[in-house]
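Structure record follows, encoded as structure tokens.
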Amino acid sequence: MSDPVEIQVVDLPGHEGEEVRLRGWVETVRLHGRVAFVVLRDGSGIVQCVVQKAAVGEELWEEVSQLSQESSVAIRGAVEREPRSPGGFEVKVAEMKVLGRADEFPIQPKEHGVEFLMDHRHLWLRSTLQRAVLRVRHEVTHAIHEFFYAEGFTRIDTPILTGSIGESAGTLFSTDYFGETAYLAQTGQLYLEAACPAFGKVYCFGPTFRAEKSKTRRHLTEFWMVEPEVAFADSEENMRLQERFVSHLVRWAIERCAPELETLERDTSSLERVSAPFPRISYSDAVELLRQKGSEIEWGSDLGGADETLIAEEFELPVFVFNYPREAKAFYMKENPADPRTVLCNDLIAPEGYGEIIGGSQREDDPERLLRRIREEDLPEEAYEWYLDLRRYGTFVHSGFGLGIERTVAWITGRPHVRELIPFPRLMNRLAP
RNA sequence: UGGGGUGUAGCUCAACCGGCAGAGCGCCUGGCUGUUAACCAGGAGGUUGAAGGUUCGAGCCCUUCCGCCCCAGCCA
């Protein structure tokens, strides 16, 4: 196999009538006695390859009839336009070489249970739906960097191993760090606040870890979060950034992932409507609305998943719920001057029951109030000295938010469970593969 | 952690009231020159999650344990 050019499936249309070489994996083989159809996947697409016994001879025919699903092969053949073939093109095989014969492949093109698929996650990644959702994830993460680059943000990589700092120590993974305890980061925000006076607009993007014992379709113990932080932005500006950002991600995915979304049978009409501004409802109004709809919720308690879904049903777009009670939120959020029972913050709830995809807030910039809150929450004061320093050396109004990648991709792809939307999910009861 | 559900062939699932352990897919063998998760014929494949109990007899009923799924809480 030397002379013909090696191409990828995606480039087949430009090589009609030529002889080419391809390498990839066998998705299916259909044998018919003297003709065989081999569907080849090379990562860029799939193509049906036709082997005719009369054209290739006994020896190769024997090899084709022994071909197993997911074997890796190299082929040489002519590219032809063929309406009966999926994708409209076909390769007439002249030569084929098995590069790596596959044992009996556990995953068949049929229904499987979740546990079985997760046990075989390393092989499940090859299947059509998983390729589609992970491709959408890739485009969404690309759009994140593209958006912030265009907006003049500087990317700051925050540490994963941290001392005792963050929101609440009960949900942190801990590990030994040369004799002292280190925690896996559950947010990069506090470090971003430190970088904010250096660069003005910053963001981080990486894995975060929560040791919460949650077993729901919206939770992972390791998930990816993008967190921007903007100097001199108040809560209102923060929400305006969020709605522009989310609109950008959705529009990007629709434009770049049309084939994938079609594979996933995602009705994109609701996604097409997503553009700023998004509707806003205060926490207090949301509680009022929920009580009118029959909920028993009392002012002061946080909104549950069912509450969020009820609120989302009222709007066609993602909806901001802003200014929650202080007790329901983190210590670093700024007190609302107009109503000190509440803090200047917001969640963004995705439509169609996909739940909270963003949590954001204006940060407390007053050193006295911040210290009071740290003491109220019984946090180790010494560990927050450097964080308090940020208020002592040129304090400034600033705001930021965190967007969960897996939840966002769940919403865009219409998949029900976040465990499919990260290549190797980490759940309470799953650490492998 | 609480509530609900579930566990049978490699996979997805049947098995009536407690009465011989079944099918489809996959795999193996044979047939077939246009299939689209091809089709046709044949074959192999089982500690019914584990332990105990009731019964002439348990996949099925009871007890305990284990795994998984869904919902709630916590959150992105």
Side-chain angles (χ1 to χ4, degrees), chain A residues 27-39 46-56 61 65-66 68-70 80 82-87 90 92 102-120 123-124 127-128 166-168 170-171 186-189 205 207-227 242 301-309 324 328-330 346-350 354-360 401-411 416-419 421-422 427-430:
Chain A
E27 286 217 339
T28 57
V29 185
R30 290 184 289 273
L31 280 170
H32 293 271
R34 288 182 197 157
V35 63
F37 300 92
V38 177
V39 176
I46 59 168
V47 64
Q48 174 167 290
C49 306
V50 185
V51 186
Q52 287 183 314
K53 190 175 182 180
V56 298
W61 180 255
S65 60
Q66 296 297 316
S68 55
Q69 184 189 348
E70 290 302 324
E80 288 184 10
E82 172 53 71
R84 289 172 294 185
S85 175
E90 196 170 76
K92 295 275 197 274
D103 293 345
E104 185 183 335
F105 199 66
I107 299 174
Q108 301 169 32
K110 54 171 278 193
E111 287 286 315
H112 290 285
V114 172
E115 192 182 9
F116 175 81
L117 289 170
M118 278 299 172
D119 284 342
H120 296 86
L123 303 177
W124 187 24
S127 64
T128 309
E167 289 174 25
S168 52
T171 58
Q186 61 173 353
T187 173
Q189 179 204 319
F205 182 51
T208 53
F209 306 88
R210 304 275 166 96
E212 293 155 1
K213 292 186 175 174
S214 352
K215 292 171 79 171
T216 82
R217 59 199 173 87
R218 289 203 281 268
H219 288 85
L220 297 163
T221 54
E222 177 181 308
F223 66 97
W224 283 62
M225 183 160 69
V226 55
E227 297 176 274
Q242 289 168 49
S301 58
D302 205 354
L303 268 39
D307 300 320
E308 287 176 355
T309 304
Y324 283 70
K329 290 293 176 182
N346 72 272
D347 287 350
L348 181 66
I349 301 170
Y354 287 95
E356 182 185 341
I357 57 172
I358 283 180
F401 63 90
L403 174 136
I405 305 307
E406 291 78 14
R407 288 185 185 180
T408 302
V409 177
W411 166 45
H417 201 303
V418 291
R419 67 188 158 210
L421 306 172
I422 185 168
L427 300 158
M428 205 179 129
N429 54 356
R430 179 162 298 277

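Naming: A, B, ... by sequence-line order, numbering from 1 per chain. When reading the values below, keep in mind they use all heavy atoms of this one structure, side chains included, and skip hydrogens, waters and symmetry mates. None of these values were measured; they are calculated from a predicted model.
Within 4.0 Å of A/G355, counting heavy atoms only, lies no atom of the nucleic acid at all. Base contact: A/K215 has a heavy atom under 4.0 Å from a base atom. Using a 4.0 Å heavy-atom distance criterion, A/Q108 is classed as a base contact. Counting non-hydrogen atoms under 4.0 angstrom, A/Q69 reaches nothing in the nucleic acid. Looking at heavy-atom distances under 4.0 Å, A/T408 makes no contact with the nucleic acid at all. No contact: A/E406 has no heavy atom under 4.0 Å from any strand. Using a 4.0 Å heavy-atom distance criterion, A/P86 is classed as a base contact. Across all strands, A/I405 comes closer than 4.0 Å to no nucleic acid atom at all (heavy-atom distances). Contacts of A/R419 with the nucleic acid, taken as non-hydrogen atoms under 4.0 Å apart, involve only primed sugar atoms and P, OP1 or OP2. If you check every strand for non-hydrogen atoms under 4.0 Å, A/F223 touches a base. Counting non-hydrogen atoms under 4.0 angstrom, A/I107 reaches nothing in the nucleic acid. Within 4.0 Å of A/E115, counting heavy atoms only, lie sugar-phosphate atoms of the nucleic acid but no base atom. A/D347 comes within 4.0 angstrom of no nucleic acid atom, judged by non-hydrogen atoms across all strands.
Taking the P atom of each, B/G49 and B/G67 are spaced 16 Å apart, rounded to whole Å. To the nearest whole angstrom, the two C1' atoms, one in B/A9 and one in B/A14, are 13 Å apart. One C1' atom belongs to B/G30, the other to B/A23, and the distance between them is 23 Å to the nearest Å. One C1' atom belongs to B/C61, the other to B/G45, and the distance between them is 30 Å to the nearest Å. With both ends at atom P, the span from B/U6 to B/C16 equals 15 Å, rounded to whole Å. With P as the reference atom, B/A44 and B/U8 are 23 Å apart, rounded to whole Å. Separating the C1' atom of B/G7 from that of B/U54 is a span of 22 Å, rounded to the nearest Å. Taking atom C1' in both B/C11 and B/C70, the straight-line distance is 22 Å, to the nearest Å.
Between A/E356 atom CD and B/G73 atom P the separation is 12 Å, expressed in whole Å. Atoms CG (A/L348) and P (B/A76) sit 13 Å apart, rounded to a whole Å. To the nearest angstrom, P of B/A37 lies 16 Å from CD of A/E70. Rounded to an integer number of Å, the gap from A/I349 CD1 to B/A76 C1' is 12 Å. Going from atom CG of A/L31 over to atom P of B/G34 covers 13 Å, rounded to whole Å. The distance from atom CG of A/L117 to atom C1' of B/C68 is 13 Å, rounded to the nearest whole Å. If you measure from atom CZ of A/R217 to atom C1' of B/G73, you get 15 Å, rounded to the nearest angstrom. Between A/E104 atom CD and B/G26 atom C1' the separation is 6 Å, expressed in whole Å.
In this pair, A/F116 and A/H120 present their aromatic rings tilted. The plane angle is within the 30 to 60° band.
Two residues are said to be in side-chain contact when any heavy atoms from C-beta on lie closer than 4.5 Å; A/I357 and A/W411 meet this criterion. Considering only heavy atoms from C-beta on, A/R30 comes within 4.5 Å of A/V39 through its side chain. Looking at heavy atoms from C-beta onward, A/H32 lies out of side-chain contact with A/Q52 at the 4.5 angstrom threshold. Contact check for A/F223 versus A/R407: no side-chain heavy atoms found under the 4.5 Å cut-off.
Nucleotides of RNA chain B nearest to A/I358 and A/P83 differ in position, and the one nearer the 5' end is that of A/P83. With the nearest nucleotide of RNA chain B identified for both A/V50 and A/W224, A/V50 has the one nearer the 5' end.
Closest approach of A/M118 to A/R419, counting heavy atoms only: CE-CG, 3.2 Å. Shown here for A/E227 and A/G188, the closest heavy-atom pair between the two residues is OE1-N, 2.8 Å. Closest heavy-atom contact between A/N346 and A/Q242: ND2-OE1, 2.7 Å.
Pair assignment for B/C65: B/G49, on the basis of Watson-Crick or G-U wobble contacts that are both within less than 3.5 Å. Pairing for B/G59 is absent, with no Watson-Crick or G-U wobble pair whose two atom distances lie under 3.5 Å. For B/U35, there is no paired nucleotide, since no Watson-Crick or G-U wobble pair has both relevant distances below 3.5 Å. B/G30: Watson-Crick or G-U partner is B/C40, with both key distances under 3.5 Å. With a cut-off of 3.5 Å on both Watson-Crick or G-U wobble distances, the partner of B/A76 is given as none. For B/G24, the paired base is B/C11 (Watson-Crick or G-U wobble, both distances below 3.5 Å).
A donor-acceptor contact under 3.5 Å links the side chain of A/H219 to the base of B/C74. A donor and an acceptor atom never sit less than 3.5 Å apart when one is taken from the side chain of A/H112 and the other from the base of B/C11. Side-chain N/O atoms of A/S214 and base N/O atoms of B/C74 include a donor-acceptor pair closer than 3.5 Å. Residue side chain A/Q48 reaches the base of B/U35 through a donor-acceptor N/O pair under 3.5 Å, judged by distance alone.
Of the side-chain N and O atoms in A/N429, one or more sit less than 4.0 angstrom from OP1 or OP2 of B/C68. Distances shorter than 4.0 Å separate some side-chain N or O of A/H417 from OP1 or OP2 on B/C70. Contact annotation: A/R30 does not reach the phosphate of B/U35 (side-chain N/O to OP1 or OP2, under 4.0 Å).
Among B/A38, B/U12, B/G34, the nucleotide with an atom closest to any side-chain atom of A/R84 is B/G34. When distances are taken from the side chain of A/R407 to each of B/C75, B/G73, B/G34, the shortest belongs to B/C75. For A/H32, taking side-chain heavy atoms from C-beta onward, the closest of the listed nucleotides B/U35, B/A37, B/A76 is B/U35. The side chain of A/E90 sits closest to B/U35 out of B/U35, B/U33, B/G10.
We find the CD1-CG distance between A/I422 and A/L220 to be 6.0 Å, quoted to the nearest 0.5 Å.
A side-chain donor-acceptor contact under 3.5 Å links A/T216 to the backbone of A/R218.
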